[in-house]
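Counting starts at 1 for both ligands and their atoms, following the listed order. Counting from 1, the numbers follow the sequence of the chain as shown.
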Amino acid sequence: MSFTSFNLHPALMRALQNKAYAEPTPIQQSAIPHALAGNDVLASAQTGSGKTVAFALPILQQLTAQTLFSPRRTLALVLVPTRELAMQVGEVFKALSLHLPQAVQVTMLFGGVSINPQMMRLRGGADIVVATPGRLLDLMNRNALSIAHIQTLVLDEADRLLDMGFTDELTRILTLIPPKRQSLFFSATFPPTVQKLAEDLLQSPIRIDVQPTIENAADIVQRAVLVDAPNRTQLLRHLIEQNKWPRVLVFVATKHAAEMVAVKLRKARINAEPFHGEQSQGKRAQVLADFKASRLTVVVATDVAARGIDIAQLPVVVNFDLPRSAVDYTHRIGRTGRAGAGGLAVSFVSMDTQAHWRLIQKRQDDANASFVALDQIAGFEPQDAPLEVSFSNGGIKGKRPSKKDKLRAAVQSAKSDT
Ligand code: AMP
């Protein structure tokens, strides 16, 4: 199948050619014809599947068929969970609309930055708004924009929108959008809360399911390495140097760990930066830009911050800390091997997290997904299993540590890196 089969405006075809997309991805093949026909769409698709283009093209095609008045009325609204995703999605709209005969005004609105410049930008109106829900409501409360003329509503990463506590904001926004509209709903997962939202929002939707299973997710090679927790930074350094990995996205559990691991890598002369929710918007944008331009080798990120960021052809993802759930695991490793390119996902597993690793493996959506065996790497073999001690009423139950055990524990805690 080729993009020509969608009968798109020549200006959109030109923009696609500039992007050098050879053919539509599966989600684009399935969603675009229905979205162009004006149907509601309910799609399960992950970041990396090409879903942004799947909703951006039909919206832009629909705008080519109407006159855009000045000041602009907002005709399409895309709600996203994070500022990074807002910027990313907005950039896709901008790139695709570059050659359209009528200039299309695309505006990205998100929190964490001053509201005034966004209010200024909205003065002439915006045809397409890509926004996080909280900031959108703030701006609406200040009469900076109206969503009374929305023709198309997109909920992008709906599961994360709910996960991140945007339910109340979403409910308010949805009551203010005209009921007669097209709704396009994208989510990687469909827990009951997301299903309920989809039922409330959509009218006779076309259901599209191109959820990649881990096994077929764009040829991602998965590895798991058994290593003692305090030795993970050393192992990471070893792997980066030995394999000459050009760019690595490393996932950790906390902001503190992101900072610490990045500092340790920098001390080892590896160009690394943390990426987490407590950094300023400017800093995060800078880190992403540096990473994309290969000025940085490693970005050490927390889940929330890394959600939705798109770095084409990211070759390697490392789970320095294991994710909390199998779903998060799928999201994380989906950062590599994007849109058809191969990738490698390496997970560090310690004696303490082995059981959790097995659980993640067991809970994969795809029952046929092959089990990822635990490797060991020469020089980083784990010491023997940790002591099984439990604490109660101040006393220690279980095996008493020997002098050697205590010494080993002291060495480990001195080396401890999270
Ligand atoms: P998304 O799922 O929207 O985050 O897109 C993931 C990546 O796929 C982005 O880097 C897009 O530029 C890329 N992409 C989107 N559509 C295509 C396509 N048809 N062919 C190749 N890459 C694509």
Side-chain donor-acceptor pairs under 3.5 Å in residues 106-124, sequence neighbours left out?
from	atom 1	to	atom 2	distance (Å)
S114	OG	N116	N	3.4
Q118	OE1	R135	NH1	3.0
Q118	NE2	F110	O	3.1

For [X] and [Y], does a side-chain donor sit closer than 3.5 Å to a side-chain acceptor?
X    : Y    : value
S350 : D228 : no
Q151 : Q66  : yes
H99  : N18  : yes

Any atoms of ligand 1 less than 4.0 Å from a non-hydrogen atom of [X]? List them with their elements.
X   : answer
T52 : 1 (P), 3 (O), 4 (O)
T25 : 17 (C), 18 (C), 19 (N)
E23 : 18 (C), 19 (N), 20 (N)
F3  : 19 (N)

Has the side chain of Q361 got a donor or acceptor atom that lies under 3.5 Å from a matching backbone atom of V372?
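Yes: the side chain of Q361 pairs with the backbone of V372.
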
With only distance considered, is Q28 within less than 3.5 Å of ligand 1 through an N or O on each side?
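Between Q28 and ligand 1 (N or O atoms, distance only) the closest approach is under 3.5 Å.
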
Do ligand 1 and G50 have nitrogen or oxygen atoms that lie under 3.5 Å from each other?
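Checking ligand 1 against G50, an N or O pair does fall under 3.5 Å apart.
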
Heavy atoms only, cut-off 4.0 Å: how does F186 contact ligand 1, side chain, backbone, both, or neither?
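Near ligand 1, F186 shows nothing, with every heavy atom at 4.0 Å or more.
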
Side chain, backbone, both or neither: K19 near ligand 1, heavy atoms under 4.0 Å:
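Neither; no heavy atom under 4.0 Å.
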
Considering residues at least two apart in sequence or located in another chain, which fulfil the side-chain hydrogen bond (donor to acceptor under 3.5 Å, both in side chains) criterion with N271?
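Listed in chain order: nothing, the list is empty.
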
